[in-house]
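Read the structure below first, then the notes.
In what follows, chains carry the letters A, B, and so on, assigned in the order in which the sequence lines appear, proteins first and then strands, with residues in each chain numbered from 1. Keep in mind the model is a prediction, meaning the values are calculated, not measured.
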Amino acid sequence: MPELPEVETVKRGISPHLIGCHLRGAVVRHRQLRLPLDQNLGEKLKGRKVCGVERRAKYLLIGVEGGTLLVHLGMSGSLRLEKESDPVRKHDHVDILLPRGKVLRYHDPRRFGLVRWLTTAPGKHRLLRHLGPEPLEKEFSADTLFSASRKRKAAVKSFVMDSKVVVGVGNIYASEALFRAGIRPTTPAGKVSKPRYETLTTQIKEVLQESIERGGTTLRDFRGAGGELGYFVQSLDVYGRTGEGCRCCGATIKTANIAQRSTFWCPRCQR
DNA sequence: AGTGCGGCCTGTCCGC
DNA sequence: TGCGGACAGGCCGCAC
């Protein structure tokens, strides 16, 4: 479900409700996520104060005195601020108990996500250690993209989705950024020129930034922390538009699988 | 070393 | 209406 703009939307939604709070504990209803959940999570969190909420790639890092709560939403996860008395739905696997009867509720039907309590530096965790640059930071530039791409034969679309190259570019925004840059997604990464990587870098930053400003993309079930929809779906140019006309030239949008992920492009605008 | 594939899970939608 | 199969926003670990 969530790509970087959706995770950023959740982060912005939950931050003001968490920072400064003393946690009352946690309720764990289903332990088996991508990594098994700590049975004693509640005991470990009890009484601790939340000092900050950060995002690294698609991971949320809830900074708590004495540790970090690492959360990933996988493909179908969501985090919502609710009241403890709100009915528990199927797949509400974890509640983080906040003051005054409020809870942060983790819901994930497919269970590809994770919730982990870390007491060491999160950046050194094996899941975060090898991550590439943040796309919206200065260190992600055409230079880094171009030099990393030399001699790489994989499709440029797979290349920009490689988290060692740059994080946070998922299946939707990879297709969208390549459309905006006029680059065909099947082109081998090593054959894309420097000027085209300049354009692609700019477009990756822009498409992610615009989506964050519209609250992310709701395709079927994405919601912000308060349950609100993401409106970027209205701005998608190619993703999910197979057989429809290109908004730019009118040609029919095509789709194919690249490395087992559906990929969308305009055969006329993207060469 | 880079690449592609299988697998983790449930829900939904489509064609028959 | 029911049923099987394909597919879904992520990403790790493995074999080649």
Side-chain angles (χ1 to χ4, degrees), chain A residues 1-10 29-37 55-60 70-79 89-94 106-116 125-132 135 147-178 185-191 204 207-208 211-212 214-224 229-236 238-243 255-264:
Chain A
M1 174 232 286
E3 294 199 24
L4 185 146
E6 291 73 50
V7 178
E8 182 65 25
T9 297
V10 171
R29 298 190 190 84
H30 199 313
R31 294 185 59 212
Q32 209 55 51
L33 303 181
R34 185 172 126 206
L35 297 175
L37 240 129
R55 178 188 57 73
R56 172 72 173 114
K58 295 171 191 168
Y59 291 93
L60 283 167
L70 181 69
V71 178
H72 195 289
L73 303 176
M75 201 87 127
S76 58
S78 59
L79 272 180
R89 296 170 299 164
K90 195 177 179 184
H91 308 302
D92 282 345
H93 305 314
V94 188
Y106 177 86
H107 176 91
D108 185 8
R110 291 177 75 180
R111 286 189 269 129
F112 287 174
L114 64 88
V115 177
R116 294 288 269 191
H125 192 276
R126 66 177 181 88
L127 294 170
L128 304 183
R129 210 177 348 181
H130 302 291
L131 294 176
S147 54
S149 70
R150 294 306 87 184
K151 296 186 181 171
R152 298 212 22 182
K153 293 175 184 160
V156 62
K157 193 242 186 180
S158 305
F159 174 68
V160 298
M161 288 179 68
D162 181 343
S163 63
K164 292 194 223 40
V165 174
V166 56
V167 300
V169 183
N171 206 36
I172 298 178
Y173 300 107
S175 280
E176 292 299 312
L178 286 161
T186 47
T187 312
K191 296 224 165 144
I204 287 172
V207 75
L208 294 175
S211 182
I212 291 169
R214 286 168 179 68
T217 298
T218 297
L219 287 182
R220 38 182 68 84
D221 54 7
F222 172 74
R223 293 292 188 280
L229 296 163
Y231 292 100
F232 193 74
V233 65
Q234 299 162 1
S235 307
L236 297 177
V238 288
Y239 187 89
R241 298 193 64 243
T242 313
T255 182
N257 272 358
I258 295 178
Q260 275 114 296
R261 308 304 301 276
S262 11
T263 306
F264 304 83

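Between Arg152(A) and Asp162(A) there is a salt bridge, since at least one side-chain N of the basic residue sits less than 4.0 Å from a carboxylate O of the acidic one. Salt-bridge check for Arg111(A) with Asp108(A): failed, with every basic side-chain N at 4.0 Å or more from each acidic carboxylate O.
Candidate nucleotides dC5(B), dG2(B), dG9(C) were compared by shortest atom distance to the side chain of Gln260(A), and dC5(B) ranks first. Proximity note for Ile172(A) (side chain, C-beta onward) versus dC12(C), dG11(B), dG9(C): the nearest is dG9(C).
A straight line from CZ of Arg150(A) to P of dG2(B) spans 14 Å, rounded to a whole angstrom. As rounded to whole Å, 14 Å separates atom C1' of dC9(B) from atom CG of Asp221(A). Summarising the geometry, the separation between CG on Leu219(A) and C1' on dC7(C) is reported as 13 Å, rounded to the nearest angstrom. Summarising the geometry, the separation between CD1 on Ile258(A) and C1' on dC7(C) is reported as 17 Å, rounded to the nearest angstrom. Here dT10(B) presents its P atom at 15 Å from CG of Asp92(A), a figure rounded to the nearest Å. In this structure, CG of Leu208(A) is placed 16 Å from P of dG9(C), rounded to the nearest angstrom. Distance Leu128(A) CG to dC11(C) C1': 13 Å, rounded to the nearest Å. In this structure, the CZ atom of Phe112(A) is 12 Å from the C1' atom of dC7(C), given to the nearest Å.
In this pair, Tyr173(A) and Phe232(A) present their aromatic rings tilted. The plane angle is within the 30 to 60° band. Relative orientation of the Tyr106(A) and His93(A) rings is tilted, given thresholds of 30° and 60° on the angle between their planes.
Between dG11(B) and His91(A), a contact under 4.0 Å exists linking OP1 or OP2 to a side-chain N or O. Phosphate contact (OP1/OP2 of dG9(C), side-chain N/O of Arg261(A), threshold under 4.0 Å): present. Between Gln32(A) and dC9(B) there is no side-chain polar atom (N or O) within less than 4.0 angstrom of OP1 or OP2. Applying the 4.0 Å criterion to OP1 and OP2 of dG10(C), one finds that His72(A) has every side-chain N and O outside that range. Here Arg111(A) does not reach the OP1 or OP2 of dC8(B): none of its side-chain N or O atoms lies under 4.0 Å away. Residue Ser262(A) places at least one side-chain N or O under 4.0 Å from the OP1 or OP2 atom of dG9(C). For the OP1/OP2 pair of dC11(C) and a distance below 4.0 Å, the side-chain nitrogens and oxygens of Lys58(A) include at least one atom meeting the criterion.
Within the nucleic acid shown, Lys151(A) has no heavy atom closer than 4.0 Å to any nucleic acid atom. Residue contacts shown for Tyr173(A) are absent, as no nucleic acid heavy atom lies under 4.0 Å away. Residue contacts shown for Tyr59(A) are limited to sugar-phosphate atoms, with no base heavy atom under 4.0 Å away. If you check every strand for non-hydrogen atoms under 4.0 Å, Lys90(A) touches sugar and phosphate atoms only.
When the P atom is used for both dA6(C) and dG6(B), the distance is 13 Å, rounded to whole Å.
Between the side chain of Arg220(A) and the base of dG9(C), a donor-acceptor pair under 3.5 Å is found. In the interface, the side chain of Arg110(A) is paired with the base of dC9(B) through a donor and an acceptor atom under 3.5 Å apart.
Considering His91(A), Arg220(A), Arg110(A) in turn, Arg110(A) is the only one that fulfils the side-chain contact (heavy atoms from CB on, under 4.5 Å) rule with Ser76(A). Put simply, the residue from Leu73(A), Leu219(A), Thr217(A) that forms a side-chain contact (heavy atoms from CB on, under 4.5 Å) with Glu6(A) is Thr217(A).
Looking only at side-chain heavy atoms (C-beta outward), Arg34(A) and Leu127(A) come within less than 4.5 Å of each other. Lys58(A) has its side chain out of reach of Pro2(A): every pair of non-hydrogen atoms, C-beta onward, lies at least 4.5 Å apart.
Residues Leu131(A) and Asn257(A) both approach DNA chain C. Their nearest nucleotides, taken by heavy-atom distance, put Asn257(A) toward the 5′ side. Heavy-atom distances to DNA chain B give each of Ala259(A) and Arg34(A) a nearest nucleotide, and the one nearer the 5′ end belongs to Ala259(A).
Here Arg241(A) pairs with Glu244(A), Arg247(A), Ile253(A) under the side-chain contact (heavy atoms from CB on, under 4.5 Å) rule; sequence neighbours left out.
Paired runs in DNA chain C that reach 3 or more consecutive Watson-Crick or G-U pairs, where each pair keeps both distances under 3.5 Å, cover B:2-8 with C:10-16, B:10-16 with C:2-8.
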